[in-house]
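Each chain gets a letter, A, B and so on, in the order its sequence line appears, and its residues count up from 1.
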Number of protein chains: 2
Amino acid sequence: MKPHPGGRNPKEPAADARKFIVMPVTIYDVAREAGVSLATVSRVINNSPYVKESTRRRVQETMERLGYEPNLVASALMTKRTRLLALLVPDISNPFFAEVAWGVEDAAAAQNYNCVICNVGDDTRKQAAYVSVLRRKGIDGIIFATAAHDDRLVLSLGKGRYPITLMARDVPSAEVNRVLTDDQKGAFLAAEHLLRLGHRRLVMISEPARIHSSIERQRGFAAALQQAGLTPAVIEADGSDIQAGLRASQALLAMHPRPTAVFCANDMLAIGVLQAAAAAGVRVPAELSVVGFDGTPLAQIASPPLTTVVQPMREMGRVAVQLLIESLQNGGTPRRVVLEPHLHVGASTGPAPA
Amino acid sequence: MKPHPGGRNPKEPAADARKFIVMPVTIYDVAREAGVSLATVSRVINNSPYVKESTRRRVQETMERLGYEPNLVASALMTKRTRLLALLVPDISNPFFAEVAWGVEDAAAAQNYNCVICNVGDDTRKQAAYVSVLRRKGIDGIIFATAAHDDRLVLSLGKGRYPITLMARDVPSAEVNRVLTDDQKGAFLAAEHLLRLGHRRLVMISEPARIHSSIERQRGFAAALQQAGLTPAVIEADGSDIQAGLRASQALLAMHPRPTAVFCANDMLAIGVLQAAAAAGVRVPAELSVVGFDGTPLAQIASPPLTTVVQPMREMGRVAVQLLIESLQNGGTPRRVVLEPHLHVGASTGPAPA
DNA sequence: CTGTTAGCGCATTCAT
DNA sequence: ATGAATGCGCTAACAG
């Protein structure tokens, strides 16, 4: 057996060892100790069937004795895969993404993948930087929960150059995996609920128009209103969080006559409306009915508990992983999965005031 | 110039190229195209000063033209560093960790590091598996927001074998970086506030005892009560989330005489109490005052808005990164930083009922 | 079933 | 200021 090219001495650690030597024991050490070749150790590590049971046992024993841990960096350099997935979210404080993350994490673990979450904010450049690092770090694939309507980054990755899945936010012209809920239908359900309660002055507070799902929700809302012979009114918030909801509420509460019902493109915005209404002394739902979207745990904490369109968040996470791993393994045509939303009626909606 | 050992042909992609070729352009291609050696390209990439300006420019131009992106896996194999940090959290749905994550992310970015978040739950085995993968993947260091009181994993890493920082949760016997808030003081502030309001029947709902910070908070609570001549009572919740708070509330609301004030070890538990009280028709704060801990955004959403002990969450994240990077670079003695909490008085506390 | 031989893409001596 | 040579730790043919 040829000695390790590095010609490294027997394992007495050098006196000048750097402070943090992460993984001193290599496959060579194991091979030498166990009296086998590199290849055999590698086979044991990778569960190759072509190893005699007794050999396998001996090698495994040696690995344990030496405290050997395979270096995934070296492995990745050869194999080009890391069994690591990344989930990109715009705002980790939004519980919608937390729920999605649980689903992703679950499904990834079930398939023996690990998953890391990256909080990239709304900053396009930061997002691009993360994607670059993740790719170059050998992350096998990325789940984007952050795509804008015409996201150039996603488009550039979409031509089969790197496996990705879009989550809950679409980029219509990209040929990539996506998992969405039927946003139009969800919004339609919300509007329908309010119309049935007798509301005639309805407003929608949408997210910024660059987010595709928000556009879809506007469509669904508009469709329901037009079907009822009403003209849809939309206030576009300048963000997606509670603060944005508070700001958008200024316009809402200033309208004359004041709307009796508002449909918000997500739960965070809706909570902003609830807070603004409370601050202005507007009673919910007596004077103002509020509907959210997402069905996050926050909706139940809110006061009053929100009526909201529920997305199957964890399920979406699971499906996203499924699609991504399929791409990873087959590289086939991207799939598009649309899940069904449903309406959860809380205490934030009631009959239109007389 | 010796050709690339791989003897790879000029860059016409092979017809049988695998579906996802992540990074076809290598440093060899750049070197050949620019008419320089590997080493020079490497120097340009790493901003070595020993490159003539004109050469640097030419190489950079070539890199751009070819769309070259340095392979961090290969680089990491040599350098043993990735400029990647990981933040381990037990429950990404708890907004406390979301806030911390923002701080971590900020500070990391400022130092030109990237940060990934891993949601490892309460599962010790899962956590260990993640740590193993992260280390072996070459992650430079880990911030643990998950350590239990006697966390063996942390202890095993703590002997200077791998750079870590503990966040908001201590492992007293581990010699590692930590950033905490003064939990005893925070709890003391909460109890003091309630005592001043005239409450005499106070109960604390704590997290499971294996969490060190929860023990500290119990201490602070007990100290305040004893100082007032009262005997502290503690209900230990079986978790840290809203559901656990709801369950713990059963015991709380069943006590005779019923306590008039409750201090919860975190905001999630407190929200669980608020919900249980609402369901039982117990008015807050008229019949029951509730104090939380953390100062998450949730506290303000709650109804009524929570009185809570505020931890400087983002700052904690920033400090955690700072300590970690210091360890990375100097490998010196671990530091311990304790930050000050303060009390935010919301609407969930009021005078003790007559 | 096992060993030998080549690199994966890059950083890093040592020359020059 | 630049180039040639070497190997980081591992997997992947290809022999045997």
Side-chain angles (χ1 to χ4, degrees), chain A residues 1-8 11 18 21-32 34-59 63 66 68-83 135-138, chain B residues 1-8 11 18 21-32 34-59 63 66 68-83 135-138:
Chain A
M1 187 177 63
K2 190 175 146 194
H4 178 181
R8 196 205 293 230
K11 297 263 62 170
R18 269 186 294 166
I21 297 189
V22 181
M23 298 169 35
V25 182
T26 77
I27 199 172
Y28 287 96
D29 304 314
V30 176
R32 178 167 25 73
V36 297
S37 74
L38 282 194
T40 300
V41 178
S42 179
R43 287 191 188 100
V44 171
I45 294 170
N46 297 296
N47 287 314
S48 158
Y50 304 116
V51 181
K52 206 199 301 172
E53 201 40 42
S54 62
T55 311
R56 180 189 305 281
R57 205 184 305 281
R58 184 155 41 90
V59 171
M63 296 197 306
L66 299 185
Y68 169 72
E69 294 185 286
N71 182 330
L72 296 181
V73 176
S75 166
L77 186 55
M78 274 304 295
T79 61
K80 314 293 181 206
R81 37 222 292 43
T82 57
R83 297 198 82 85
R135 289 182 60 194
R136 291 158 49 203
K137 265 298 289 173
Chain B
M1 187 178 65
K2 192 176 146 190
H4 178 182
R8 195 204 294 229
K11 296 264 59 167
R18 269 187 293 167
I21 297 189
V22 181
M23 299 167 34
V25 182
T26 79
I27 199 172
Y28 287 96
D29 304 314
V30 176
R32 178 166 26 73
V36 296
S37 75
L38 284 195
T40 300
V41 179
S42 179
R43 287 191 187 98
V44 171
I45 294 170
N46 297 297
N47 288 315
S48 159
Y50 304 116
V51 181
K52 206 198 302 173
E53 202 40 44
S54 64
T55 311
R56 181 189 304 281
R57 205 184 304 282
R58 185 155 40 92
V59 171
M63 295 197 307
L66 300 184
Y68 169 72
E69 295 184 286
N71 182 331
L72 295 181
V73 176
S75 167
L77 186 55
M78 277 299 296
T79 61
K80 313 293 181 206
R81 35 221 296 36
T82 57
R83 296 197 84 84
R135 288 182 60 194
R136 291 158 48 202
K137 264 301 286 175

For B:Thr40, which contact category applies under a 4.0 Å heavy-atom criterion: base, sugar-phosphate, or nothing?
sugar-phosphate
Please determine, for the side chain of A:Pro70, which listed nucleotide (D:dC10, C:dC10, D:dG3) has the closest atom?
D:dC10
Would you say a side-chain N or O of A:Lys80 is under 4.0 Å from OP1 or OP2 of D:dT11?
no
Measure from CD1 on B:Ile45 to C1' on C:dG9 and round the result to the nearest Å.
10 Å
Can you find a side chain N or O atom of B:Thr55 that sits less than 4.0 Å from OP1 or OP2 on D:dT2?
yes
Send over the distance from A:Met78 CE to C:dC10 C1', rounded to a whole Å.
15 Å
Polar atoms only, N or O, under 3.5 Å: list the protein pairs with nucleotides 14-16 of chain C and their distances.
none

Whole-Å distance separating the CG atom of A:Leu77 from the P atom of C:dG7
14 Å
Looking at A:Leu38, A:Thr40, A:Asn46, which hits side chain to side chain contact (heavy atoms under 4.5 Å, CB included) with A:Ser42?
A:Asn46
Examine C:dA11: is either OP1 or OP2 under 4.0 Å from a nitrogen or oxygen in the side chain of B:Ser42? Give yes or no.
yes
B:Arg81 has an atom CZ; how far is it from atom C1' of C:dC10, in whole Å?
15 Å
What integer distance in Å separates A:Met63:CE from D:dG9:C1'?
15 Å
For A:Arg57 and C:dC1, what is the distance between atoms CZ and P respectively, to the nearest whole Å?
14 Å
To 10°, what angle do the rotation axes through the five end pairs on each side of the helix from C:dC1-D:dG16 to C:dT16-D:dA1 form?
30°
Whole-Å distance between D:dC8 P and B:Arg136 CZ?
19 Å
Figure out the OH/C1' separation between B:Tyr50 and D:dG3, and round it to whole Å.
17 Å
